[in-house]
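Notes follow once the structure below has been shown.
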There are 2 protein chains.
Amino acid sequence: MARESTCRFAILGMLCREPMSGYDLRSAIERSVGHFWQESYGNLYPTLKQMAQEHLVELEPEEPSRGGRVRKAYRVTEAGRTALAQWLRRPVLPHVERNELLLKLFFGAQVGPTDSLAQVERSRSEAEGLLAALRLIDENVRHSRGDDPERPYWHLSIRAGLLGLEAHLRWCDEAREALQRMERTPGSTKKRKAK
Amino acid sequence: MARESTCRFAILGMLCREPMSGYDLRSAIERSVGHFWQESYGNLYPTLKQMAQEHLVELEPEEPSRGGRVRKAYRVTEAGRTALAQWLRRPVLPHVERNELLLKLFFGAQVGPTDSLAQVERSRSEAEGLLAALRLIDENVRHSRGDDPERPYWHLSIRAGLLGLEAHLRWCDEAREALQRMERTPGSTKKRKAK
DNA sequence: GGCCGGATATATCAGCCTGATATATCGCCG
DNA sequence: CGGCGATATATCAGGCTGATATATCCGGCC
């Protein structure tokens, strides 16, 4: 009925690089694409089970060296590789991203600009933190991984993050100014006291 | 267990402006905040029912003028207004937005830059369409609604969209160039033929 | 030796949300 | 009067999150 699980393809893409367990998948995803994609265990484990039934992935033969410790490492099958390749070619279908900050601002019109201003400030400092973190990762990638064929792709995704965050910071500054102007000229916003 | 329904607050915010039915809510949301927030009927109707049970909203007394046509118009209660005001003050909790385009690009490293290039081109022209549409809305808002107290908030949300889309376009251009460079120097990407 | 805490590891579930589907009525135009 | 598009509500499969439960391994510390 609804849209196709994207989690399946995140799994396939990661397993193509190296066979892994569900636990490892989560951290590998976090480490490599964590700034624009994350997966929860509650999504990964059931999806892996399903995909194994559909023969898109399969369990690696268990090495008994690890004692009684349970550990299931998965590996892509040829069918899995094909499914991934097809998905990669399929166009990304457009989707309106929900923006909770903007929604709160919009309804803030009914309350007054002061609370909105606080939201914008919070968002701004959060974005600054993310920006600093991304710049650090960028430096890291630039210096290590001299010959990794994935390197230009890392750089592309980091650039997307940087440009997006910089745009957001610029918007925050605009919004701050506009809201401060509105605070000085009370206008027709009705004030509602906090609980 | 999981996070709080944001739909509830979208409903409350909209009903504070004017009492409405579920159907009207959907179009009012689409018209006013549609470029950063949307709600589906499958979400609205059950949520409205719940909220009525919790006395956050209530049915307006039915006017019998409309014949047998079923129509339920909801109105906010005082409790609803309080709940909205509290939500507006609560900080937006940070969330990593999934970006399917970047995911496809990242895994594109295993396939070659040609398909990635196509994805970037598609995304670019989609963004250009959205940008043109937003600019039109911006013009509209600028000229009509001369004294609407909501006007500066409209402008704020439109500016967020514009800056974001412009940043995305700039990224698309960077990405295009990088991928074209990679196409010319085959490097170590393995090619996989389509099905 | 024994104990604790943090990392490793898998599983399950409530609840939010989307997109699809079903159903029925109303007003208008030809 | 028949068809079509807008109005209107409802339901459901299935994706996904965040919380919770459970158990093991390993290293450090007393």
Side-chain angles (χ1 to χ4, degrees), chain A residues 1-11 19-31 34 36-54 57 59-60 62-74 87 93-100 103, chain B residues 1-11 19-31 34 36-54 57 59-60 62-74 87 93-100 103:
Chain A
M1 242 187 211
R3 80 184 167 296
E4 196 171 23
S5 165
T6 31
C7 175
R8 304 164 84 74
F9 301 106
I11 290 174
M20 290 158 88
S21 69
Y23 187 83
D24 293 334
L25 268 170
R26 169 118 140 114
S27 27
I29 289 171
E30 179 64 40
R31 249 181 301 114
F36 62 85
W37 201 273
Q38 291 180 354
E39 291 292 348
S40 62
Y41 294 130
N43 201 6
L44 283 171
Y45 285 113
T47 305
L48 275 169
K49 214 184 254 188
Q50 260 182 259
M51 291 170 77
Q53 274 175 2
E54 298 164 31
V57 300
L59 278 171
E60 285 219 303
E62 187 87 32
E63 289 159 57
S65 66
R66 286 190 151 272
R69 180 68 160 273
V70 192
R71 177 165 218 275
K72 302 179 184 176
Y74 289 91
W87 178 74
L93 26 107
H95 185 60
V96 174
E97 288 299 337
R98 284 182 163 203
N99 186 327
E100 203 177 312
L103 193 67
Chain B
M1 243 185 211
R3 82 183 166 297
E4 196 170 23
S5 166
T6 32
C7 175
R8 305 165 85 73
F9 300 105
I11 289 174
M20 288 157 90
S21 70
Y23 186 83
D24 293 334
L25 268 170
R26 169 118 140 114
S27 26
I29 288 170
E30 179 63 40
R31 249 182 301 114
F36 62 84
W37 199 273
Q38 291 180 354
E39 290 293 349
S40 62
Y41 294 130
N43 200 7
L44 283 172
Y45 284 115
T47 305
L48 275 169
K49 214 184 253 185
Q50 260 182 261
M51 290 171 77
Q53 274 175 2
E54 297 164 31
V57 298
L59 277 172
E60 286 219 301
E62 187 87 32
E63 291 159 55
S65 66
R66 287 189 151 272
R69 179 70 160 273
V70 193
R71 178 165 216 277
K72 303 181 185 173
Y74 289 91
W87 177 73
L93 26 107
H95 184 61
V96 174
E97 289 299 338
R98 284 182 162 201
N99 187 328
E100 203 176 313
L103 193 66

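Side chains are part of it too, since the values below use all heavy atoms of this structure and drop only hydrogens, waters and symmetry mates.
OP1 or OP2 of dC17(C) sits under 4.0 Å from a side-chain N or O of Thr6(B). For dA11(C), one of the phosphate oxygens OP1 or OP2 lies less than 4.0 angstrom from a side-chain nitrogen or oxygen of Lys72(A). Proximity of Tyr23(A) to the phosphate of dT10(C): no side-chain N or O atom is located under 4.0 Å from OP1 or OP2. For Ser21(B) and dT9(D), the shortest distance from a side-chain N or O to OP1 or OP2 is below 4.0 Å.
Thr47(B) comes within 4.0 angstrom of no nucleic acid atom, judged by non-hydrogen atoms across all strands. At a threshold of 4.0 angstrom between heavy atoms, the contacts of Ser5(B) are confined to the sugar-phosphate backbone, with no base atom among them. At a threshold of 4.0 angstrom between heavy atoms, the contacts of Gly22(B) are confined to the sugar-phosphate backbone, with no base atom among them.
Whole-Å rounding puts the Tyr41(B) OH to dT21(C) C1' distance at 14 Å. Per the geometry, CD1 belonging to Ile11(A) stands 12 Å off P belonging to dG15(D), to the nearest Å. Separating the CG atom of Leu93(B) from the C1' atom of dT17(D) is a distance of 12 Å, rounded to the nearest angstrom. Taking atom CD of residue Glu39(B) and atom C1' of nucleotide dT18(C), one finds them 10 Å apart after rounding to whole Å. Here dT12(C) presents its P atom at 14 Å from CG of Asn43(A), a figure rounded to the nearest Å. Nucleotide dC17(C) holds its P atom 16 Å from the CZ atom of Arg98(B), rounded to whole Å. Following rounding to the nearest Å, Leu44(B) (CG) and dG19(C) (C1') show an atom-to-atom distance of 13 Å. In this structure, Leu48(A) places its CG atom 15 Å from C1' of dC16(D), rounding to the nearest Å.
Residues Gly22(A) and Leu44(A) share a closest heavy-atom pair of O-CD1, 3.8 Å. Taking both residues in full, the closest heavy atoms of Gln38(A) and Val96(B) are given as NE2-CG2, 3.3 Å, listed atom of the first, atom of the second, then distance.
Comparing Arg8(A) and Tyr74(B), the nucleotide of DNA chain D nearest to each residue sits closer to the 5' end for Tyr74(B). Summary of the strand contacts: Gly42(B) and Gln38(A) both lie near DNA chain D, and taking for each the nucleotide with the nearest heavy atom, the more 5' one is attributed to Gly42(B).
The side chain of Lys49(B) lies closest to dT11(D), out of dT17(D), dT12(C), dT11(D). Here the nucleotide nearest the side chain of Tyr45(A), chosen from dT17(D), dA8(D), dA11(C), is dA11(C).
Using a 3.5 Å distance cut-off with no hydrogens or angles, the side chains of Asn43(B) and Ser40(B) do not pair a donor with an acceptor.
The ring pair (Phe, Tyr, Trp, His ring centres under 6.0 Å) test applied to Phe36(B) returns no partner, not counting sequence neighbours.
Contacts classified as salt bridge (Lys or Arg N to Asp or Glu O under 4.0 Å) and involving residues 36-50 of chain A (residues at least two apart or in different chains) are given here: Glu39(A)-Arg98(B).
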